[in-house]
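Structure record follows, encoded as structure tokens.
First the proteins, then the strands, lettered A, B, ... as listed; each starts at 1. Everything quoted here is computed from the prediction, not taken from an experiment.
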Amino acid sequence: MATTDTPAPTDFIREIIIRDQQTGKYGGRVHTRFPPEPNGYLHIGHAKAICLNFDLAEEFGGLCNLRFDDTNPTKEDAEYVEAIKRDVRWLGFDWGDREYYASDYFDQLYEYAVQLIKQGKAYVCDLSPEEIRLYRGTLTEPGKESPYRNRSVEENLDLFQRMRAGEFEEGSRTLRAKIDMASPNVVMRDPVLYRILKARHHRTGDRWCIYPMYDFTHCLSDSIEGITHSVCTLEFETNRPLYDWVLDTLGVYHPQQIEFARLNLSHTVLSKRKLLRLVQEGYVSGWDDPRMPTISGLRRRGYTPEAIRAFCRRLGVSKSESLVDIGLLEHYVREDLNRRAPRVMVVQRPLRVVIDNYPEDLVEEMEAINNPEDPSAGTRKVPFSRVLYIEREDFMENPPSHFYRLAPGREVRLRYAYFIRCTDVVKDPQTGEVVQVHCTYDPQTRGGDAPDGRKVKSTLHWVSARHAIPATVRLYDRLFLKENPNDVEEGKDFTDYLNPNSLEVVTGCWAEPSLASAVPGDRFQFERLGYYCMDPDSRPGALVFNRTVGLRDPYAKVLKAVLGQ
RNA sequence: UGGGGGAUCGUCCAGCGGUAGGACACCUGACUCUGGAUCAGGCGACCGGGGUUCGAAUCCCUGUCCCCCAGCCA
């Protein structure tokens, strides 16, 4: 299910795996893992990692584990665990019964720490956080050894045991690896392995008051699970020597860490910290606000898992950091939704049209195609009557040269219905705004074709006023105006680049009656407008749709060019 | 000024000593009962400077620029 939509790509990670299989490393086995920390929601950047890890496993006949990297109880929460599981599943991936938690390994990890102490490779350090920082040196100067570095094994064992027993204050002591305070790699200057945190863990409760650090936990979790290729992002490259050191020093099974460039998307942010701020400071309505690049946001926006997967696979995997145009993501939803979204007619900004020569009480059922890309989707009936709504922007009293929709004297086609010609307009006496258009229809053109072969330049979508059901539409635009909101100028904050018009709520829309049976999550193409997804906020008689993405609209460019000069 | 990485069309990714290719975007045109979709064509790049070689994006030297690392975060 996961790999059928796009041909398998090739990249440096797959090359490594193929080489490993040829040399018999790991006995030809491939076992990956996706290791989220449950401290926030998954976003499109995680989707790239999820696709990579699960695809790798499937392609090479291996498995991929889901593992929660839950070693910091002060930031993590069970709520996030559930959200992450739901999102990975929704994306179309299955981890079977291999749902693991680093916290499940706390006992084992503790034993490994004890072993390190016994090997003389770890010690309990009484330095305060500030002192540790001072002793660490700088990027260009070596650090100083802790005065506690040469405690005896017995003393270390005793102290570590008492750390675990809760005898010491938070922050008063740590367990540190004894490596090299003069290492040019700062990560190797006696890194902290365990810290005292008197916090309740969402899974282990109050059983522990010391918690292992990432560098100690991650490599050992990989080792315990028999991971072969531990794929992570570039910023962990400097940590790899430590990953290797822990495993080698302990003499345990040794997976290999491979780093690739994380995804950056234009016009949005993909850091949990920044996304959290957008939520907490109310710039968006929540983690699943359709403007958010979170999986839950994209889902509510109307994105399909297939589109997200196709996007992630098309990105490729490399080590050069890049900024992917969000237009590429939009391309993949359009491509997917074009294939599968049923068409429907909705008038977003209505203009009343009266067809003067159409019988007052007549209602005709027009046959409309549900999806021209998919004949099996069939047809439906759409009621037509004397008073209709068309899109306000489909009429112009004084049209510019490239405008070939409705205008006084002009004839256009109403989709699946008749040709109509504009005969008159009614204006608001106060504002001069056109409030109603009068037309005549040609009964010979029923179904949309003229027997005399005459052509019209434009086809308009419409709804019958008597049959229309009211709807609200939420038009979303890019969250940030700036291509790269992470590139913050002096004295500014990334929130300064927020797009003030990223959400426009349009009320008073009219939808064709078939939409009455839609349920939240249903996706449609509103003909000539874009792709929309019914929001859970919808109530019977008060439908709400989120615009996933607009249709490609060359005319918008023409208009812009005309207005621009 | 330490260490670790990275530089190829506007963007993203290929190219692994032998004609720099694809996708998105953009521009033409065809077709169309969605100014959608589809189809055809086009534009467009090897960070700079040296070298090795018949031949270099690829190998060597040198320079430049960008990213990451000094959490008891991950």
Salt bridge (Lys or Arg N to Asp or Glu O under 4.0 Å) involving A:Glu373 - partner list, sequence neighbours excluded: none
Any residue meeting side-chain contact (heavy atoms from CB on, under 4.5 Å) with A:Arg349, in chain and number order, not counting sequence neighbours: A:Glu391, A:Arg392, A:Leu475, A:Glu504, A:Val506
Could you check how far NZ of A:Lys48 sits from P of B:rC12, rounded to whole Å? 11 Å
By ring-ring contact (aromatic ring centres under 6.0 Å, His included) - contacts of A:Tyr389 (at least two apart): A:Trp510
Does OP1 or OP2 of B:rU11 have a side-chain N or O of A:Ser266 closer than 4.0 Å? no
Between the side-chain atoms of A:Arg334 and the base atoms of B:rG36, is any donor-acceptor pair under 3.5 Å? no
Give the nucleotide from the list B:rC69, B:rC13, B:rG22 with an atom nearest to the side chain of A:Arg314. B:rG22
Considering only side-chain heavy atoms of A:Asp11, which listed nucleotide, B:rA14, B:rA74, B:rC12, is closest? B:rA14
What nucleic acid atoms does A:Asp325 come within less than 4.0 Å of, heavy atoms only: base, sugar-phosphate, or nothing? sugar-phosphate
Please determine if a side-chain N or O atom of A:His331 lies less than 4.0 Å away from the OP1 or OP2 oxygen of B:rC24. yes
To the nearest Å, give me how far apart CG (A:Leu242) and P (B:rA70) are. 13 Å
Got a sec, which residues hit salt bridge (Lys or Arg N to Asp or Glu O under 4.0 Å) with A:Glu225, two or more places apart in sequence or on another chain? A:Arg67
Is any side-chain nitrogen or oxygen of A:Arg136 closer than 4.0 Å to OP1 or OP2 of B:rC69? no
Heavy-atom closest pair, residues A:Cys125 and A:Ser146: SG-OG, 3.3 Å
Among residues two or more places apart or on two chains, list those pairs meeting ring-ring contact (aromatic ring centres under 6.0 Å, His included) that have a residue in residues 164-195 of chain A. A:Phe160-A:Tyr194, A:Tyr194-A:Phe216
A:Phe524 ring center near A:Tyr531 ring center (under 6.0 Å): no
Establish, with yes or no, whether the OP1 or OP2 oxygen of B:rA70 is under 4.0 angstrom from a side-chain nitrogen or oxygen of A:Thr138. no
N or O in side chain of A:Arg343 less than 4.0 angstrom from B:rG36 OP1/OP2: no
Kindly express the pairing pattern of RNA chain B in dot-bracket notation, using | wherever a base pairs with another strand and counting only Watson-Crick or G-U pairs under 3.5 Å. .((((((..((((....[..)))).(((((.......)))))....(((((..]....))))))))))).....
If you find the nucleotide of RNA chain B closest to A:Leu328 and the one closest to A:Asp70, which residue's nucleotide is nearer the 5' end? A:Leu328
For the residue pair A:Tyr303 / A:Glu330, report whether a side-chain donor-acceptor contact shorter than 3.5 Å exists. no
So, with a heavy-atom separation below 4.0 Å from RNA chain B, the residues of residues 410-418 of chain A are A:Arg413, A:Arg415, A:Tyr416
Those residues that, when tested against A:His461, pass ring-ring contact (aromatic ring centres under 6.0 Å, His included) (two or more places apart): none
I need the residues from residues 209-225 of chain A with at least one non-hydrogen atom less than 4.0 Å from RNA chain B; give them sorted by number, or say none. A:Met213, A:Tyr214
Distance, nearest 0.5 Å, that separates CG of A:Asp452 from CG of A:Asp442: 7.5 Å
Selected nucleotide, minimal atom distance to A:Asn72 side chain, candidates B:rG2, B:rC27, B:rC73: B:rC73
Closest approach to the side chain of A:Lys557, judged atom by atom: which nucleotide of B:rU34, B:rC13, B:rC27 is it? B:rC27
Between A:Thr71 and B:rA74, does any side-chain N or O lie under 4.0 Å from OP1 or OP2? yes
Does A:Arg552 place a side-chain N or O at less than 4.0 Å from the phosphate oxygens OP1/OP2 of B:rG35? no
Where does the angle between the aromatic ring planes of A:Phe384 and A:Trp462 fall among parallel (under 30°), tilted (30 to 60°) and perpendicular (over 60°)? perpendicular
With distance as the sole criterion, do the side chain of A:Gln525 and the base of B:rU34 form a donor-acceptor contact below 3.5 Å? yes
Could you list all N or O pairs between the protein and nucleotides 3-6 of chain B that sit under 3.5 Å apart?
{"unit_1": "B:rG5", "atom_1": "O2'", "unit_2": "A:Glu237", "atom_2": "OE1", "d": "3.3"}

With ring pair (Phe, Tyr, Trp, His ring centres under 6.0 Å) as the criterion, how do A:Phe419 and A:Tyr441 come out once you've worked through the C-alpha distance, each side chain's angles and the decisive distance to 0.1 Å? CA-CA 6 Å; A:Phe419 285 12; A:Tyr441 84 115; over 10 Å; no
Given B:rG2, B:rA74, B:rG35, identify the nucleotide with an atom nearest to the side chain of A:Glu76. B:rA74
Can you tell me which residue pairs pass the salt bridge (Lys or Arg N to Asp or Glu O under 4.0 Å) test with a partner in residues 127-148 of chain A, sequence neighbours excluded? A:Glu145-A:Arg149
Winner on side-chain proximity to A:Arg405, out of B:rC72, B:rG35, B:rG36, is B:rG35
Looking only at N and O atoms, is any donor in the side chain of A:Glu15 or the base of B:rC16 less than 3.5 Å from an acceptor on the other one? yes
State whether A:Lys75 and A:Glu37 are salt-bridged, where the test is any N-O pair (Lys NZ or Arg NE/NH1/NH2 against Asp/Glu carboxylate O) under 4.0 Å. no
Minimum-distance nucleotide to A:Tyr332 side chain [options: B:rU34, B:rA23, B:rC73]: B:rA23
Pairs satisfying side-chain hydrogen bond (donor to acceptor under 3.5 Å, both in side chains), at least one member in residues 174-187 of chain A, at least two apart: none
Between A:Leu275 and A:Pro293, is there a side-chain heavy-atom distance shorter than 4.5 Å? yes
Write down the distance between CD1 (A:Ile16) and C1' (B:rC16), rounded to a whole number of angstrom. 14 Å
